[in-house]
Number of protein chains: 2
Amino acid sequence: MYRKVAADLREAITTGAYGEAGRLPAEGALAEKYGVSRGTVRQALAVLRSDGLVTSRRGTRRVVLGGARVQSFSELLSFTHWAYSMGEEPGGILDSLVRRPADAAECEQLRLEPGAEVYVTVRLRTLSGTPVMVERTIYPPRVGEIVAELPTDVVSHTEVLREHGILFTDADHTIDVVTANAVDARLLGCRRGGPLLRERRRTTDPTGTPVEWSQDRYLPGTVAFSVHNSLATSALSRHARDGD
Amino acid sequence: MYRKVAADLREAITTGAYGEAGRLPAEGALAEKYGVSRGTVRQALAVLRSDGLVTSRRGTRRVVLGGARVQSFSELLSFTHWAYSMGEEPGGILDSLVRRPADAAECEQLRLEPGAEVYVTVRLRTLSGTPVMVERTIYPPRVGEIVAELPTDVVSHTEVLREHGILFTDADHTIDVVTANAVDARLLGCRRGGPLLRERRRTTDPTGTPVEWSQDRYLPGTVAFSVHNSLATSALSRHARDGD
DNA sequence: GAGTGGTCTAGACCACAAC
DNA sequence: TTGTGGTCTAGACCACTCG
């Protein structure tokens, strides 16, 4: 239904049917064309707008915006999906996996009782054999128990967890720069104290329960993160970094 | 209006009226409470969902998500607004302002004819006197002409441009790590070759016309960028960095 | 089975842009 | 003045969750 309309319009836009900076047909016209109500068309257009593909303004037809490149949610959460989408071979070398009591920050992030145990994994992630990122993930018990049972050569934890009914639906990301510690330097082959692009991510399932708290450290020059936002939908924010 | 409902619910949620991980009333109940239709309530809830405040799932009441902190769009685009929102005094020291022909990449980004001229500013931005960021902004002629006429002690270019009818409504951001060049090092007082957190940003007005292409380089430890996304609304993406 | 959010409809009025 | 998107309504049916 509205997804179909959105997909069709996205296709038309990205193939340049309306041209860069071109104008879309009126909502009414689209509704008639697809045989749906105007409300459904608006729902489809809301998707495109939040992806940064089109503008929207009272009084004027919608305009096609350039430079819109969006990934699916799973491509964003899963290093493995991301790698495949670029035609690279993802790798994951387990460096350590321990179970230990959670500290205060971890209890806070994963919404656990004080004293609860967590599972901590450290993995070197590679693209076609080249070291790219060190991934430190902290799992609550329910999830960690599954990860701990996995063979060490399983590349995609996300995929396995999904098969076990652990769903990832919402994530908060924070991006900044840190310096490499001894472990980072050893795994990535960079200088200790050298800069790394860090992405911290807390992911929750549909019920709002945290399922992972992860910290990924990328070698400079291997990745960049992109965000689109607009007056209408603003998801990005900028923070001072006093503490950690 | 739906904005009022959204604001009221946001207030109630952030003050903890429903508790962390608590459940919201049903849409029908909210509609009755506010005396509006269910559609309007849903519109309000869509705002909160895209801000990462609540979940949404068929069959279950909406759940309050923790860790949601969103800034207004102008706080994000304007260093000045951001500084004030943190209680800091923003500063801007103009290092250079030149007019010159645009190169190919600049024509592409600002959607200019080959050979068009652009205005390039380099400014050191400070928070309460402390150097934080070097800002390189490229303006198309229409905008640059205004900026070029400004006294050098004007802190907020964004504010002035808004008064001149130049509106900022959509932005694409890309975040990565770069090393400081000679100018960065001189202005920020860091080592040449040292790491900086870079945010590149292309901003357009309501008609989709680019109004600035900016590159901000932050000292490590001064800022972090945050994004919320979910299966429903995904604005963030991750890219490989081959070229520039 | 009862309650919930997801989707869709058909119609209405308004604010705004552009001619 | 005309056409556009923004907002709101009232009602409907469905898919899903949960007890």
Side-chain angles (χ1 to χ4, degrees), chain A residues 1-9 13 18 21-50 53-65 73 165-167 169-170 204-209 230-233, chain B residues 1-9 13 18 21-50 53-65 73 165-167 169-170 204-209 230-233:
Chain A
M1 334 316 186
Y2 79 89
R3 298 168 196 280
K4 185 180 174 331
V5 176
D8 197 74
L9 286 172
I13 288 169
Y18 300 108
R23 279 152 68 211
L24 257 53
E27 295 177 354
L30 290 170
E32 192 176 359
K33 172 179 174 186
Y34 289 102
V36 298
S37 76
R38 187 179 155 219
T40 302
V41 167
R42 281 182 62 76
Q43 206 167 351
L45 288 169
V47 174
L48 302 185
R49 184 186 58 175
S50 85
L53 261 89
V54 298
T55 62
S56 59
R57 249 169 108 205
R58 243 191 307 234
T60 314
R61 294 259 182 95
R62 291 168 190 269
V63 172
V64 175
L65 284 174
F73 189 68
I166 309 284
L167 300 177
T169 58
D170 280 82
T204 61
D205 70 11
T207 71
T209 307
S230 71
L231 253 183
T233 84
Chain B
M1 337 286 189
Y2 75 92
R3 297 167 197 280
K4 185 180 176 330
V5 176
D8 197 75
L9 286 172
I13 288 169
Y18 300 109
R23 279 153 65 211
L24 255 53
E27 294 177 355
L30 289 171
E32 192 175 358
K33 172 178 174 187
Y34 289 102
V36 298
S37 76
R38 189 180 154 218
T40 302
V41 168
R42 283 182 61 76
Q43 205 166 352
L45 289 168
V47 174
L48 302 185
R49 185 186 60 175
S50 86
L53 261 84
V54 298
T55 62
S56 59
R57 244 176 28 153
R58 239 189 309 231
T60 315
R61 295 257 183 96
R62 290 166 190 270
V63 172
V64 176
L65 285 174
F73 189 68
I166 308 286
L167 300 176
T169 58
D170 280 82
T204 61
D205 70 11
T207 71
T209 307
S230 71
L231 254 182
T233 83

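In what follows, chains are A, B, ... by sequence order, proteins preceding strands, each numbered from 1. Since this is a predicted model, take the numbers as computed values, not measurements.
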Task: Residues which pass side chain to side chain donor-acceptor pair (under 3.5 Å) with A:Tyr2, listed by chain and number, not counting sequence neighbours - done: none
- [ ] Could you tell me whether B:Arg3 contacts a base, only the sugar-phosphate backbone, or nothing, with contacts defined as non-hydrogen atoms closer than 4.0 Å?
- [x] sugar-phosphate
Open item on the list: Taking B:Val63's backbone N and O only, do any of them form a donor-acceptor pair with B:Thr55's side chain (distance below 3.5 Å, no angle check)?
Closed with: yes
TODO: Output all residues satisfying side chain to side chain donor-acceptor pair (under 3.5 Å) with A:Ser56, sequence neighbours left out; order by chain, then residue number.
DONE: A:Arg49
- [ ] Output the residues of residues 24-42 of chain B in contact with DNA chain C, where contact means a heavy atom of the residue under 4.0 Å from an atom of the strand; sort by number or write none.
- [x] B:Pro25, B:Ala26, B:Glu27, B:Arg38, B:Arg42
Open item on the list: Quick check: do B:Thr40 and B:Tyr34 have side-chain heavy atoms less than 4.5 Å from each other?
Closed with: no
Open item on the list: Restricting to side chain to side chain contact (heavy atoms under 4.5 Å, CB included), what partner residues turn up for A:Thr209, sequence neighbours left out?
Closed with: A:Arg142, A:Asp205, A:Thr207
TODO: Report the residue (B:Tyr2 or A:Thr207) whose heavy-atom-nearest nucleotide on DNA chain D is the more 5′ of the two.
DONE: B:Tyr2
Open item on the list: Is the shortest side-chain heavy-atom distance between A:Val54 and A:Tyr18 below 4.5 Å?
Closed with: no
TODO: Take the protein atom CD of A:Gln43 and the nucleotide atom P of C:dG5, then report the distance between them rounded to whole Å.
DONE: 16 Å
Open item on the list: Any non-hydrogen side-chain atom of A:Leu30 less than 4.5 Å from a side-chain atom of A:Leu9?
Closed with: yes
TODO: Return the set of residues passing side chain to side chain contact (heavy atoms under 4.5 Å, CB included) with B:Arg58 (not counting sequence neighbours), or none when no residue passes.
DONE: none
Taking only nitrogen or oxygen atoms into account, show me every contact under 3.5 Å that the protein makes with nucleotides 15-17 of chain C, one pair per line with its distance.
unit_1	atom_1	unit_2	atom_2	d
C:dA17	O3'	A:Thr60	OG1	3.1

- [ ] Give the first and the last nucleotide of DNA chain D, reading 5' to 3', that has any atom under 4.0 Å from a heavy atom of chain A.
- [x] D:dG3 to D:dT7
Task: Pairing residues for A:Arg42 by the side chain to side chain donor-acceptor pair (under 3.5 Å) criterion, not counting sequence neighbours - done: A:Glu27
Task: Partner residues of A:Arg57 under the side chain to side chain donor-acceptor pair (under 3.5 Å) criterion, sequence neighbours left out - done: none
